[in-house]
Amino acid sequence: MSEKKIIKIKEDIRTSEEIIFLQNLKLKSKFGYYPHEKTNEQELVFNLKIFTNENIYQDKNLEEIIDYDKIIKIIKNILNEDINFLETLAEKIISKIFDDQRIKKINIKIEKPQAVKECGSVGYEITKIRN
């Protein structure tokens, strides 16, 4: 007989935030506004923090959690679109991730380390909250 395994903390202890994060996801893409960016691949670096509603996990299947592999697939799929600006890219990624109703806040930072030779990287960062 199989028992359900539920991980639960004491009643008087509450979770203030649950965060799934992706740190330094490096993807190559033909991305940007300038003609040379549309013909030559460059590296983009993604850092995300995805804040979720408190959940009780049974440790049985991926549907119980926010699967970071799905988040990576979302980013890769959107990178295939013809997008000029990091601001647009971030908005599209955030919008798609928010399809999961368990997510309440997203912080995304996208960097272009090779864009400006005098800088370690340049980029864009934004945080969005579900109303």
Side-chain angles (χ1 to χ4, degrees):
M1 177 159 73
S2 124
E3 272 186 54
K4 286 188 178 182
K5 178 169 60 171
I6 296 178
I7 290 61
K8 190 166 179 171
I9 304 295
K10 295 178 184 175
E11 292 296 325
D12 61 338
I13 299 174
R14 289 188 32 88
T15 301
S16 63
E17 292 182 323
E18 291 189 19
I19 303 170
I20 289 83
F21 67 91
L22 279 74
Q23 188 170 351
N24 296 325
L25 171 65
K26 296 176 182 179
L27 300 173
K28 293 218 178 246
S29 177
K30 293 179 182 175
F31 175 87
Y33 176 77
Y34 296 106
H36 69 275
E37 292 179 306
K38 298 214 180 273
T39 56
N40 301 318
E41 280 192 340
Q42 64 180 304
E43 185 176 79
L44 297 175
V45 181
F46 296 84
N47 284 279
L48 287 87
K49 285 186 178 180
I50 301 167
F51 298 78
T52 68
N53 295 318
E54 184 177 2
N55 200 352
I56 296 175
Y57 308 102
Q58 295 181 7
D59 208 35
K60 296 286 184 196
N61 61 56
L62 285 175
E63 282 70 40
E64 297 175 27
I65 62 165
I66 308 299
D67 182 3
Y68 48 81
D69 284 329
K70 285 184 181 178
I71 303 299
I72 293 169
K73 286 177 188 171
I74 287 170
I75 295 169
K76 286 180 176 179
N77 286 338
I78 293 172
L79 272 178
N80 288 325
E81 299 177 22
D82 186 21
I83 300 171
N84 290 319
F85 303 114
L86 293 177
E87 293 82 351
T88 307
L89 177 60
E91 288 290 341
K92 285 179 169 274
I93 292 168
I94 287 170
S95 178
K96 187 65 179 168
I97 293 171
F98 268 135
D99 284 349
D100 188 324
Q101 296 299 310
R102 298 172 295 177
I103 296 170
K104 61 182 181 178
K105 181 168 88 171
I106 301 169
N107 172 271
I108 185 169
K109 178 179 176 183
I110 309 171
E111 298 176 76
K112 294 169 72 173
Q114 300 150 343
V116 179
K117 67 180 179 179
E118 294 86 2
C119 295
S121 83
V122 295
Y124 177 73
E125 183 171 4
I126 188 170
T127 301
K128 294 271 187 168
I129 299 171
R130 182 185 303 280
N131 289 333

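Only a predicted model underlies this, so the values are computations on that prediction, with no experimental measurement involved.
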* When rounded to the nearest 0.5 angstrom, what is the spacing between CZ in F85 and CZ in F31? -> 8.5 Å
* To do: Quick one: pull up CD1 in I72 and CG in N77 and give me the separation to the nearest 0.5 Å.
  => 12.0 Å
* To do: Answer yes if the side chains of K38 and N84 hold a donor-acceptor pair under 3.5 Å, and no otherwise.
  => yes
* Side-chain contact, heavy-atom cut-off 4.5 Å: L44 with L79? -> yes
* To do: Let me see the working for R130 and F98 under side chain to side chain contact (heavy atoms under 4.5 Å, CB included), right down to the final yes or no.
  => CA-CA 8 Å; R130 182 185 303 280; F98 268 135; 3.3 Å; yes
* Which atom of G32 lies closest to which atom of K112, heavy atoms considered -> CA-NZ, 4.5 Å
* **Test item: V45 and E43 side chains (from C-beta on) under 4.5 Å apart, heavy atoms** => yes
* **Within-4.5 Å side-chain heavy-atom neighbours: K128 and K105** => no
* To do: Find the distance between CD1 (I103) and CZ (F51) and round it off to the nearest 0.5 Å.
  => 11.5 Å
* To do: Kindly compute the distance separating CD1 (I94) from NZ (K96), expressed to the nearest 0.5 Å.
  => 14.5 Å
* Looking only at heavy atoms, what is the nearest atom pair of L86 and G123, with distance? -> CD1-CA, 3.7 Å
* Would you check, one step at a time, whether the test side chain to side chain contact (heavy atoms under 4.5 Å, CB included) holds for I74 with D99? => CA-CA 11 Å; I74 287 170; D99 284 349; over 6 Å; no
* Structure fact -> Heavy atoms of R102 and I65 approach each other most closely as NH2-O, 3.1 Å
* **Of L25, L48, L22, the residue whose pairing with Y68 passes side chain to side chain contact (heavy atoms under 4.5 Å, CB included)** => L22
* State yes or no: do I106 and I126 share one hydrophobic cluster built from I, L, V, M, F, W and Y residues joined by side-chain heavy-atom distances below 4.5 Å, directly or via other members? => yes
* **Heavy-atom check, side chain of K92 versus side chain of E81, under 4.5 Å** => yes
* Hey, what do you get for CZ (F21) to CD (Q23), rounding to the nearest 0.5 Å? -> 6.0 Å
* **K30 and E37 ion-paired at < 4.0 Å** => no
* Asked: For the residue pair P113 and S121, what are the closest heavy atoms and their distance?
  -> CA-CB, 3.5 Å
* To do: Would you sort out whether I110 and N47 count as a side chain to side chain contact (heavy atoms under 4.5 Å, CB included), showing the intermediate values?
  => CA-CA 7 Å; I110 309 171; N47 284 279; over 6 Å; no
* Would I78 and I83 satisfy side chain to side chain contact (heavy atoms under 4.5 Å, CB included), going step by step from the backbone distance to the final call? -> CA-CA 9 Å; I78 293 172; I83 300 171; 3.8 Å; yes
* What distance separates I108 CD1 from Y124 OH, expressed to the nearest 0.5 Å? -> 9.5 Å
* Asked: What are the two closest non-hydrogen atoms of I66 and D100, and how far apart are they?
  -> CD1-OD2, 3.3 Å
